[in-house]
Amino acid sequence: MEQFIAFGVVGLSTAAIYAVIGSGLVLTYTTTGVFNFAHGAAGMVSAFVYWQFTIGWGWPVPLALIVVLGVFAPLFGVLFGKALAPTQGLGDAEKLVMTIALLSGLIVLARWVWDPNVARSLPTFFADVTPIRVGAVTVTWHQILTMAVAVAVAVGLRILLYRSRIGVEMRATVDDRALVGLTGADPRRANRFAWILGIELAAVGGILIAPMVALDAAQLSLLIVSAYTAAIFGRLRNLPMTFVGAIVVGCLESYLAGYLPQNDYLPGLRLAAPALLLLLALLLFPHGRLRGRDRTLAAVPLPTWSGSAAFAGVVAALGVVLATVLAEADLITYGSIFAFGVIALSFVPLTGFAGQISLCQLSFAGIGAATCAQVGAAGQWWAVPAAMLAAGVAGAVIAIPALRLSGVYLALATAAFAVVLDRWLFNLPPFELFGVRVALFEQGSVSLVGPSLFGFTLDTTAEITVFAAVCLALAGLAVVALRRSRFGRRLIALRDSEAAYATLGGNPLTARILVFALSAALAGLGGALYGMQQQAVTSDQFGLVPGMPIFLIVVMGGLGMVGAGLFTGAVLAGPLAAIPALWPALSNLAQVLPAAGGIAFGGGVLRTGALASMRSEWLGTLRDRLVAPVLALAVALCWIANVTDVIDGWSFTGGVVLAVIGARLWHARRARPPEPETVAVPVEWWGVRKPWTPEDREVLDHAVATAR
């Protein structure tokens, strides 16, 4: 019994921190209408700043707390409000992109400033004071402090929201921003105060929990999963139920740590427990209508077969070019453009067509890579279809319980699934299931080999690169066929209105299961291709955090466009991979770029997607019957010169770039409208006879109008 009480005290102290963080999350959502995925990252950065002041620079603890909580956190809250202000009145997709961009960017920024290879820790508060003993149970003053802070936060928020004018303004701003302005209140001031207070609570929670865990950017940021669970208990608006949810999560973690049997299969369950509890809360609790659902949705382009076939041919040709131009070491890095492209392409039918938000596509890719490694150890050709099948089944399994979820709730469910895989299932040792040996990532990593096709074994990186390019081309054609099919049109109707889709006789449940399975199968194919390209992969490469840049770049490219796959692969395996390789000092900057792009997208810079503007600019050049063949011939000649060792790789790249620029300028000159022809009609103009021109007519009309 004494042990049970001791674990309960630990659980309650942890629950108090989750309650503080979760209440800040609920506060910002209730008052601003934005579900902040980066809420935990704000607490993480505050904890690192507090460490820098106290441990790094030796400041006294009271002074450091005053600066962090009195200066840094409020300013950080103002910056959050400024960054997310453009999302007011927008739908869930734009808000999600912005907050995920902030989460990803803050994690990378923290790793940039504070080297993750250096171990850091914070002492608990009042560590030198003798703990209090209640019977055989020891209660530290740090635990007492966390509980006291949680109680003070609960009382203070209740008074603020229901007994003060600014609290009423904050709650009313979300319901009707214009009406609040008519009453004389300032909606912008209310939102600014809400962000300051919300980030302040995140900072308090981050500082309190940092002494209990390692100071790791990703780990501290993902502690927000536990706060998510507490917030879902309160259905994102009920603070008392949020505190109840925090108690459930904190005590569950503590008792699992104390009483969970010690074997090879269950330790990860304790780490994944908050995510599992989040899934259960999402599935069991009723949810009200989400705020800010999309009202106006962009049209999904309808690609033509001729253009799609040409694009597929370009993708396959690009694979051949890279395989013959790049060296073996470079192919491992830059050749992964096609594997990343297939993973990114999986977002197009799921999110672009059907409007279903998923944050676990890279986890499906991990399932595909692990399956391909286990069943294709000798290069069996059917290992790739098996990887797609395993990932597709996992996608259907996730879709079935999450059928009643949408928007932010669906994003939370898929994020929780990614955390469960990353923290538990990917690290399980082999086990027997229905007489079949099942294993994902044995010892945290797996090795993959190329398949044997038609009697040929793909055992070199160049051959695997060409195979991956062909797979991306065929996957793109399959997505085009889906878009042009009746089922594709139904998916778009499902995105526009699920109620209308069901009223017209469609079955939304079946459609969502099928599209989840299809997109997961594509992601599994991409994961298998990536594993073959890299030859060996680890489970850490398929977690929630590594998948965020892929999601951000796909959205920036254009979710409804088939070319988003190649665009994402080119960005990830191109500039973002080349910058660290060529300039190691700028590697952190390269990792920040996807987050910066996501923030710019949410702010409206790329609202329509980069591919739409690129297509409008280059489509004329590619369709020019004179310029396009000459450009293709120039690229082919550069490639032949490189293959025959006439020029090196850098010269080939420079030649291709010059050919592309020249083709663009040539087409612009050819497409320039002709100069207006002079009409040979002699007229007298102030006593001088000269030919009549359209400019003369404009001048005359202006003079007549002025005279009147």
Open item on the list: Does any part of the side chain of Thr28, heavy atoms only, come nearer than 4.5 Å to the side chain of Val34, both counted from C-beta?
Closed with: no
Task: Candidates Asn36, Leu79, Val78 - the one meeting side-chain contact (heavy atoms from CB on, under 4.5 Å) with Ile199 - done: Asn36
Task: Non-hydrogen atoms of Gln143 and Val10 that approach each other most closely - done: NE2-CG2, 3.8 Å
Task: Side-chain touch Val149/Val153, heavy atoms, less than 4.5 angstrom - done: yes
Open item on the list: Under the criterion ring pair (Phe, Tyr, Trp, His ring centres under 6.0 Å), I'd like the reasoning laid out for Phe4 against Tyr255: C-alpha separation, chi angles, the key distance, then a yes or no.
Closed with: CA-CA 8 Å; Phe4 182 85; Tyr255 287 125; 4.6 Å; yes
Open item on the list: Looking at every non-hydrogen atom in both residues, tell me the closest pair between Ala210 and Leu122 and how far apart they are.
Closed with: CB-CD1, 3.6 Å
Open item on the list: Is any side-chain heavy atom of Ile55 closer than 4.5 Å to one of Tyr50?
Closed with: no
TODO: Check whether any side-chain N or O of Thr99 sits under 3.5 Å from a backbone N or O of Leu96 as a donor-acceptor pair, and report yes or no.
DONE: yes
Open item on the list: Can you confirm whether the side chains of Glu253 and Ser226 place a donor and an acceptor under 3.5 Å from each other?
Closed with: yes
Task: Side-chain heavy-atom pair Cys360, Leu421 within 4.5 angstrom cut-off - done: no
- [ ] Write down the atom of Ala246, the atom of Ala19, and the distance for their closest heavy-atom approach.
- [x] CB-N, 3.5 Å
Open item on the list: Assess the residue pair Val554 and Gln361 against the criterion (side-chain contact (heavy atoms from CB on, under 4.5 Å)); give the C-alpha distance rounded to whole Å, side-chain angles, the decisive distance to 0.1 Å, and a yes or no.
Closed with: CA-CA 12 Å; Val554 171; Gln361 295 303 104; over 6 Å; no
Open item on the list: When you measure from the side chain of Tyr409 to the backbone of Leu283, do you find a donor-acceptor pair of N or O atoms at a distance under 3.5 Å?
Closed with: no
- [ ] Go through the steps for Leu277 and Val248 under the test side-chain contact (heavy atoms from CB on, under 4.5 Å), then give the verdict.
- [x] CA-CA 9 Å; Leu277 193 59; Val248 172; 3.9 Å; yes
Open item on the list: Looking at Thr146 and Ile17, would you say the former's side chain and the latter's main chain have a donor-acceptor pair under 3.5 Å?
Closed with: no
Open item on the list: When you measure from the side chain of Ser254 to the backbone of Phe7, do you find a donor-acceptor pair of N or O atoms at a distance under 3.5 Å?
Closed with: yes
Task: CG (Asp115) with more than 12 external heavy atoms under 6.0 Å - done: yes
Open item on the list: For Arg133, is there any backbone N or O sitting under 3.5 Å from a side-chain donor or acceptor partner on Thr138?
Closed with: no
- [ ] Please answer whether the main-chain N or O of Ala42 pairs with a side-chain N or O of Ser46 as donor and acceptor at a distance below 3.5 Å.
- [x] yes
Task: Closest non-hydrogen atom pair between Ala47 and Leu220, with its separation - done: CB-CD1, 4.3 Å
Open item on the list: Between Phe551 and Val97, does the side-chain contact (heavy atoms from CB on, under 4.5 Å) criterion hold? Intermediate values first, please.
Closed with: CA-CA 8 Å; Phe551 173 76; Val97 169; 4.2 Å; yes
TODO: Indicate the atoms forming the closest heavy-atom contact of Ile357 with Ala411, along with that distance.
DONE: CG2-CB, 3.8 Å
Task: From Leu145, Val139, Ile144, residue fulfilling side-chain contact (heavy atoms from CB on, under 4.5 Å) relative to Trp141 - done: Ile144
Task: Side-chain heavy atoms of Leu69 within contact of Ile207, under 4.5 Å - done: yes
TODO: Take the angle between the ring planes of Trp57 and Phe53 and call it parallel below 30°, perpendicular above 60°, tilted in between.
DONE: tilted
Open item on the list: With heavy-atom distances below 4.5 Å as the criterion, would you say the side chains of Tyr18 and Ile209 are in contact?
Closed with: yes
Open item on the list: In the structure I gave you, are the side-chain heavy atoms of Leu559 and Phe347 within less than 4.5 Å of one another anywhere?
Closed with: yes
Task: Any donor-acceptor N/O pair, Tyr228 side chain to Ala275 backbone, under 3.5 Å - done: no
Open item on the list: Checking ring-ring contact (aromatic ring centres under 6.0 Å, His included) between Phe48 and each of Phe72, Trp114, Phe76, which is the one that passes?
Closed with: Trp114
Task: Leu201 and Leu157, any side-chain heavy atoms less than 4.5 Å apart - done: yes
- [ ] Of all the heavy-atom pairs spanning Ala399 and Arg512, show the shortest one and how long it is.
- [x] CB-O, 4.2 Å
Task: Under 3.5 Å: donor-acceptor pair, side chain of Arg120, backbone of Leu215 - done: no
